[in-house]
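Computed from heavy atoms alone, side chains included, the values below leave out hydrogens, waters and symmetry copies. Residue numbering restarts at 1 for every chain, and letters A, B, ... go by the order of the sequence lines.
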Amino acid sequence: MNNTFNLHRFTLLLKRQWLEFGKIFLITLLVATGVIVAFYGLTLLPLEELGYVSRRLGFREPLFFIFGFLFISIIASSYFAHLGQKSKAIIDLLIPASTFEKFLAGFFFTSILSVLAFILIFIITDWAFIAYIKSYFKTGNVKELADVEMFFNKNDINSFAPLYLAPFTVTSVFLLGSAYFNRFHYIKTAICVMLFSGAWTYIVMNSVEAILSNKTPINRYSHGKDTMEWVLFAIIALFTLVVFSITYVRLKEKEV
Amino acid sequence: MIKIENLNFSYSKQRILFKDISMQLSNGHIYGLLGKNGAGKSTLLKNLAGLVYAQSGKIDVFGFDPAKRQPAMLQQICFIPEEFHLPAIKIDSYVKANAAFYPHFDHQYFADLLKEFDIPVGQKLIDMSYGQKKKVIIAFGLATNAKLVIMDEPTNGLDIPSKAQFRKIMASALTEDKCIIISTHQVRDLDNLIDTVIMLDENKIALKATVEEVTEKLCFKRVKELDETVIYAEPSLAGYNAVMANYHQEDSKLDMELLFNAVLTEKNKLKPIFN
């Protein structure tokens with residue numbers, strides 16, 4: 001028997017986890033859908049003039065990024081949260097699946113499923129509202145109304161490669177928080193993130209200042225994928241992998 | 001076979017629980033783990049299941065290191081904790097989600113146990129009383145046919161008829177390849193059930209002996225007056241309930257509570273008898 005990974009056992013684990021975590025996931029998804037619909041409804045309705053509606057669609061960026069961050073971080077922060085409670089942790093830790101499979105199930109639900117689910121509900125809600133608006137203003141120039149495809153084209157993720165990693169980095173940090181802390185996972189993780197980012201920003205700013213002050217910038221107008229973008233990508237990828245690895249070790253060493 | 005060698009465990013530097021504990025547990029036995037509150041009964045069970053990590057020493061459970069929590073070992077362990085949480089689903093769904101992890105899970109046996117415990121099958125687990133949930137978890141654990149059955153205070157929350165049912169079920173659940181360890185502070189619940197007593201006290205195993213060995217070496221009887229042969233006694237209506245050295249090979253019934261108190265208060269007198 002393979003004690004590290006077995007596909008059959010992993011599938012069983014996903015089904016089992018869905019029974020318990022699926023409820024939290026679906027409720028959070030339902031609330032998120034409600035919030036997105038409410039945002040669209042309160043901002044755009046009642047429909048008045050097409051140009052006005054088009055201008056007001058600018059709320060989509062902050063909604064997508066800020067609320068998306070909140071959604072995936074809340075989901076990730078609740079995944080291993082039950083391990084902080086003795087009554088739940090014992091049964092879960094003793095389920096005959098390897099720690100790697102348990103970690104992988106966590107990765108699947110938080111980094112993959114939650115991200116895809118959020119993008120999907122955002123697309124569906126946006127599509128529904130835009131379709132309604134277009135049907136309402138039959139006579140106007142509805143082409144100027146940016147649909148969801150245009151929204152994603154405008155905020156093209158390809159223009160800054162590290163953005164691909166953002167959902168994984170966010171979920172890795174909050175997943176670690178859920179495994180590391182026994183109580184108040186979200187708040188404690190958020191405080192740690194704030195302190196860490198503050199310290200990181202301070203170090204980077206001062207380093208840049210020390211290294212680059214009184215230097216002449218070259219290649220200032222380069223619009224291609226410059227080296228720094230890929231260096232940043234590599235640093236964030238490494239950071240995310242390290243955080244995921246710590247989560248795995250923490251899960252392995254979890255005591256009840 | 002379970003082997004514990006020189007186990008040292010503490011939650012903090014100030015709170016040392018086990019100092020160089022060593023013992024062996026064999027299949028085909030029901031062990032009763034007794035000890036005062038805070039003696040480390042639950043912690044010892046958790047060490048065996050790999051739920052906590054010892055500072056030093058070695059634990060071997062059927063050839064596995066429990067600290068690694070390998071699926072092959074976890075399939076062989078059924079742990080009934082004192083505190084547990086069951087999801088808000090029906091028994092069928094619970095079994096569907098969990099039973100497949102245990103290759104020897106016996107669905108018919110599980111159904112028989114539920115019937116024996118008088119559990120309403122269609123009810124959601126969350127709507128059941130604590131005692132009913134405990135019976136479900138005991139039934140599930142036994143139906144896994146795990147080789148090592150660990151029960152931490154299993155009779156807590158069970159009503160009087162259920163305790164009798166529990167004893168009956170546990171006695172019939174024992175097979176040659178199973179090792180059952182039951183920890184409790186309600187020693188009367190283990191009457192006529194366990195075959196070996198393990199008592200923890202002051203970071204050590206104060207006593208590990210079969211019921212046969214105990215009644216061979218000690219005699220439990222009611223006496224009117226105390227003499228030098230009495231190791232420990234408690235006053236009763238008609239004199240004293242006493243524990244005495246069994247010099248004349250008298251037959252007596254093990255009084256677990258009396259033995260427990262005797263071990264705690266007169267360990268120096270009992271030590272030479274069992275060594």
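Within 6.0 Å of CZ on A:F108 lie more than 12 heavy atoms contributed by other residues, nucleotides or ligands. The environment of B:I160 atom CD1 is sparse: at most 12 non-hydrogen atoms of other residues, nucleotides or ligands sit within 6.0 angstrom. When the shell of 6.0 Å around NZ of B:K90 is examined, it contains 12 or fewer heavy atoms from other residues, nucleotides or ligands. The 12-atom threshold is not exceeded at NZ of A:K86, counting heavy atoms of other residues, nucleotides or ligands nearer than 6.0 Å. Environment of CD1 in A:I187: sparse, with no more than 12 heavy atoms of neighbouring residues, nucleotides or ligands closer than 6.0 Å. In the displayed structure, A:K23 atom NZ is contacted under 6.0 Å by more than 12 heavy atoms of other residues, nucleotides or ligands. Counting non-hydrogen atoms of other residues, nucleotides and ligands closer than 6.0 Å to CZ of A:F122 gives a total above 12. Dense packing is recorded around NZ of B:K163, with more than 12 heavy atoms of other residues, nucleotides or ligands lying under 6.0 Å away.
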> B:L51 and A:L94: side-chain contact (heavy atoms from CB on, under 4.5 Å), yes or no, with the steps?
Replying inline: CA-CA 8 Å; B:L51 290 168; A:L94 291 179; 4.0 Å; yes
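At least one side-chain heavy atom of A:E20 sits under 4.5 Å from a side-chain heavy atom of B:H85. Under the 4.5 Å side-chain criterion, counting only non-hydrogen atoms from C-beta, A:L19 is in contact with B:I89. Side-chain contact check for A:R9 versus B:P71: some heavy-atom pair is nearer than 4.5 Å. Residues B:F101 and A:R16 meet the side-chain proximity criterion, which asks for heavy atoms closer than 4.5 Å. Taking 4.5 Å as the limit, every side-chain heavy atom of B:V52 sits out of range of all side-chain heavy atoms of A:V256.
Listed for the A:N3 side chain is a donor-acceptor partner under 3.5 Å among the backbone atoms of B:A72. Side-chain atoms of A:K15 never come within 3.5 Å of backbone atoms of B:A97 as a donor-acceptor pair (strictly under, hydrogens ignored). Here the side chain of A:E255 pairs a donor or acceptor atom with the backbone of B:Y53 at under 3.5 angstrom.
If you measure heavy-atom distances from A:I91 to chain B, the contacts under 4.5 Å come from the side chain alone. At a 4.5 Å heavy-atom cutoff, the contact between B:I137 and chain A is made by side-chain atoms alone.
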